[in-house]
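Here is the naming used below: chain letters follow the sequence lines, and residue numbers restart at 1 for every chain.
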Amino acid sequence: MTQEEFKSLFGSIGDIESCKLVRDKITGQSLGYGFVNYVDPNDADKAINTLNGLKLQTKTIKVSYARPSSASIRDANLYVSSLPKTMNQKEMEQLFSQYGRIITSRILVDQVTGVSRGVGFIRFDKRIEAEEAIKGLNGQKPLGASEPITVKFANNPSQKTGQALLTHLYQTTARRYTGPLHHQTQRFSRFSPITIDSVTNLAGVSLTGPTSAGWCIFVYNLSPEADESVLWQLFGPFGAVTNVKVIRDFTTNKCKGFGFVTMTNYDEAAMAIASLNGYRLGDRVLQVSFKTSKQHKA
DNA sequence: TTCGATT
């Protein structure tokens with residue numbers, strides 16, 4: 001949404017004294033929120049009643065009174081992971097509400113199935129409240145959950161947009177350059193080959209299994225400098241890749257040595273694993289397998 | 001550093 005569209009939407013309610021759509025300083029992209037000052041205070045109520053909950057494209061907008069600008073409300077946004085898949089937004093809010101006033105919350109869901117990804121966000125009114133929630137809930141098991149949840153401050157959503165755009169570009173254009181599978185596999189030498197049978201056996205025992213998104217593959221022994229493009233390059237030739245992810249340390253932004261690749265078709269995923277497990281990348285020997293169920297820290 | 005997830 002542009003500043004002009006923002007002004008037009010809220011200007012339809014009444015005369016605006018001033019308004020601002022907040023945008024990324026570098027890219028100019030909307031950060032997804034803004035402020036409106038109406039000449040007539042009654043129009044503010046009217047805007048809330050009329051526009052709150054309005055669905056615009058993929059988003060449902062929230063319209064409410066702005067909180068007073070203050071340093072104490074900054075950095076009060078939390079990222080929560082390992083939530084039970086059965087926990088809904090209301091239940092998550094109930095869990096966190098003991099620590100303060102929740103401004104917004106969200107649980108991320110699989111785009112195809114609508115099932116929770118076990119990951120969400122909680123924005124508190126005050127940073128102190130968020131800090132207390134981390135102290136009280138990080139590493140704790142909710143109700144009858146089998147796994148402890150992780151609660152931490154959320155990343156800043158800015159500056160990622162450029163990389164996301166590049167990833168999208170790559171994803172939509174890379175495959176046209178790939179040839180038939182049996183021609184591509186010859187490009188990869190195998191340092192420590194495994195058999196197709198061992199992959200099949202593994203499939204019957206401990207792998208996570210296909211999700212709506214496909215088959216998830218665990219890749220270990222990536223270099224600290226590894227990025228998403230190397231995963232696209234390694235796995236793309238074997239077939240349809242829907243997603244790649246390099247896991248990085250948030251502080252250093254260096255790869256933590258592993259990543260994930262999601263492939264649509266089992267046969268292509270199995271062939272990629274058989275070919276790339278033991279593959280020498282630079283001075284490292286990759287370990288590649290189907291992702292197993294998450295191992296949690298004792 | 002051997003299984004994440006960042007609206």
Side-chain angles (χ1 to χ4, degrees), chain A residues 1 22 24 29-33 55-62 75-85 87 89 92-93 102-124 130 134 147-164 167 202 205-209 211-228 231 242-262 269 273 277-278 284-298:
Chain A
M1 170 175 271
V22 179
D24 183 275
Q29 290 289 304
S30 164
L31 292 183
Y33 67 98
K55 291 180 178 61
L56 290 178
Q57 297 167 14
T58 64
K59 306 279 191 180
T60 299
I61 66 171
K62 175 185 175 180
D75 304 315
N77 196 27
L78 296 180
Y79 174 75
V80 188
S81 58
S82 299
L83 288 165
K85 300 288 196 288
M87 180 178 280
Q89 183 183 3
M92 182 176 72
E93 286 204 3
I102 295 169
I103 301 302
T104 60
S105 73
R106 168 163 299 186
I107 288 180
L108 303 188
V109 298
D110 184 286
Q111 288 193 337
V112 177
T113 66
V115 173
S116 167
R117 294 165 63 194
V119 174
F121 292 89
I122 297 269
R123 181 181 293 279
F124 278 100
I134 291 175
E147 234 188 325
I149 62 173
T150 299
V151 184
K152 59 209 276 194
F153 283 107
N155 293 353
N156 278 327
S158 61
Q159 117 226 352
K160 271 209 58 184
T161 47
Q163 190 183 57
T167 298
L202 190 73
V205 182
S206 62
L207 61 77
T208 306
T211 66
S212 62
W215 297 82
C216 193
I217 297 167
F218 175 62
V219 185
Y220 178 68
N221 214 14
L222 297 170
S223 81
E225 286 71 37
D227 64 3
E228 272 73 10
L231 293 179
T242 58
N243 187 257
V244 302
K245 183 73 183 175
V246 168
I247 306 305
R248 295 181 172 86
D249 181 283
F250 178 59
T251 307
T252 66
N253 213 32
K254 297 288 189 184
C255 174
K256 291 164 85 169
F258 62 96
F260 297 93
V261 175
T262 303
I273 290 168
N277 185 43
R284 292 162 174 272
V285 177
L286 298 184
Q287 292 177 32
V288 183
S289 64
F290 283 109
K291 181 186 184 301
T292 63
S293 59
K294 178 178 177 178
Q295 74 168 34
H296 57 278
K297 47 249 167 186

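If you take CG of Leu286(A) and C1' of dC3(B), they are 15 Å apart, rounded to a whole angstrom. When the P atom of dT7(B) is taken as reference, atom CD of Gln89(A) falls 16 Å away, rounded to whole Å. Counting to the nearest Å, the P atom of dT1(B) and the CD atom of Glu225(A) are 14 Å from each other. One interatomic measurement links the two molecules: NZ of Lys256(A) to C1' of dA5(B), which rounds to 12 Å at whole-angstrom precision. Between Phe153(A) atom CZ and dT7(B) atom C1' there is a gap of 17 Å when expressed in whole angstrom units. Residue Glu228(A) contributes atom CD, which lies 12 Å from atom P of dA5(B) at whole-angstrom precision. For the pair Arg117(A) CZ and dC3(B) C1', the computed distance is 16 Å after rounding to whole Å. Spacing between atom CG of Asn77(A) and atom C1' of dT6(B) amounts to 9 Å, rounded to whole angstrom units.
In this pair, Phe258(A) does not lay its aromatic ring on the base of dG4(B); centres under 5.5 Å and planes under 30 degrees do not both hold.
Distance alone, capped at 3.5 Å, is enough to place a donor-acceptor pair between the Asn221(A) side chain and the Val285(A) backbone. Looking at Glu228(A), its side chain does come within 3.5 Å of a backbone N or O of Val246(A) through a donor-acceptor pair.
For Phe121(A), whose side chain is taken as the heavy atoms from C-beta onward, the closest listed nucleotide among dG4(B), dT7(B), dT2(B) is dT7(B). Listed candidates were dT7(B), dC3(B), dA5(B). Nearest to the side chain of Lys291(A) is dC3(B). Taking every side-chain heavy atom of Lys59(A) into account, dT7(B) is the closest of dG4(B), dT1(B), dT7(B). Of the candidate nucleotides dA5(B), dT2(B), dT7(B), dT7(B) has the atom nearest to the side chain of Arg106(A).
Base engagement by Lys152(A) is indicated by at least one non-hydrogen atom pair under 4.0 Å involving a base atom.
At least one side-chain heavy atom of Phe153(A) sits less than 4.5 Å from a side-chain heavy atom of Leu78(A).
Taking the six-membered ring for Trp and thresholds of 30 and 60 degrees, Phe218(A) and Tyr220(A) have nearly parallel ring planes, at less than 30 degrees apart.
Comparing Tyr220(A) and Phe250(A) along DNA chain B, the residue whose closest nucleotide (by nearest heavy atom) sits nearer the 5' end is Tyr220(A).
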ask   = What do the steps show when you test Leu222(A) against Leu231(A) for side chain to side chain contact (heavy atoms under 4.5 Å, CB included), and what is the final call?
value = CA-CA 10 Å; Leu222(A) 297 170; Leu231(A) 293 179; 4.3 Å; yes

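Applying the 4.0 Å criterion to OP1 and OP2 of dT6(B), one finds that Lys245(A) has a side-chain N or O inside that range.
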